[in-house]
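Reading through the structure tokens given below for one structure.
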Amino acid sequence: MAEKSSHKGAKTRGLSGSKTEVSIKGNRRLDASNSKVAREVERSSGEKSLAKAIRRLNTQANKKKELLVPTPNLDKAKEVAEKVTKGKILIQNLSRTQRRFVK
């Protein structure tokens with residue numbers, strides 16, 4: 001399925017010098033990444049898909065990890081991240097005006 005424009009715009013907004021669809025181990029792809037930040041955009045609200053996105057971020061060592069989700073899913077994403085994440089992760093809404101942080 002093709003990317004929606006909100007997904008496409010959110011994954012690189014504010015990331016200078018970023019690459020999109022970065023290959024990672026396990027024949028998977030990360031939405032966007034530059035030398036300091038790894039970013040994944042997950043528009044669905046399912047717990048399994050949120051967990052998969054967080055696991056893709058977990059593969060990135062020595063990078064700040066950002067997960068962008070729609071505003072209604074912020075708290076759900078935080079709950080899932082507390083169970084799945086290794087290390088720290090920043091969860092924000094698509095416009096990056098609200099945030100949740102998981103240590």
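Only this structure's heavy atoms are used, side chains among them; waters, hydrogens and symmetry mates stay out.
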(Q) If the threshold is 4.0 Å, N to carboxylate O, is there a salt bridge linking Glu66 and Arg96? (A) no
(Q) Going by side-chain contact (heavy atoms from CB on, under 4.5 Å), name the residues that satisfy it together with Val22, two or more places apart in sequence or in a different chain. (A) Lys19, Leu30, Ser33
Q. Val69, Val80: one ILVMFWY side-chain cluster at the under-4.5 Å cut-off?
A. yes
**Q.** Which atom of Ser18 lies closest to which atom of Thr12, heavy atoms considered
**A.** OG-CG2, 3.8 Å
Q. Leu50, Leu94: one ILVMFWY side-chain cluster at the under-4.5 Å cut-off?
A. no
Q: Could you tell me the separation between the CZ atom of Arg13 and the CG atom of Leu68, rounded to the nearest 0.5 Å?
A: 9.0 Å
(Q) Nearest 0.5 angstrom please: Thr59 OG1 to Lys65 NZ, how far? (A) 8.5 Å
Cut-off 3.5 Å, no hydrogens considered: what does the side-chain donor-acceptor table look like for residues 85-92, sequence neighbours left out?
none

Q. How close do Ser45 and Lys76 get, heavy atom to heavy atom, and via which atoms?
A. O-NZ, 2.9 Å
**Q.** Donor-acceptor contact below 3.5 Å, side chain Asn34 vs main chain Gly17
**A.** no
Q. Is the side chain of Asn93 donor-acceptor paired with the backbone N or O of Thr97 at a distance under 3.5 Å, no angle test?
A. yes
Q | Among Lys8, Glu21, Arg39, the one residue meeting side-chain contact (heavy atoms from CB on, under 4.5 Å) with Asp31 | A | Glu21
(Q) Do Val84 and Ile24 sit in one hydrophobic cluster, given that two such residues count as connected whenever their side-chain heavy atoms are within less than 4.5 Å of each other, even indirectly? (A) yes
Q) Does atom NZ of Lys63 have more than 12 heavy-atom neighbours, drawn from other residues, nucleotides or ligands, at distances under 6.0 Å? A) yes
Q. Would Leu74 end up clustered with Ile54 when hydrophobic side chains under 4.5 Å apart are linked, directly or stepwise?
A. yes
Q) Say you draw a straight line from CZ of Arg56 to CZ of Arg28; how long is it, rounded to the nearest 0.5 Å? A) 7.5 Å
(Q) Minimum heavy-atom separation for Ala53 and Leu67, please, with both atom names. (A) CB-CD1, 4.0 Å
**Q.** Spacing of Glu42 atom CD and Lys52 atom NZ [to the nearest 0.5 Å]
**A.** 9.5 Å
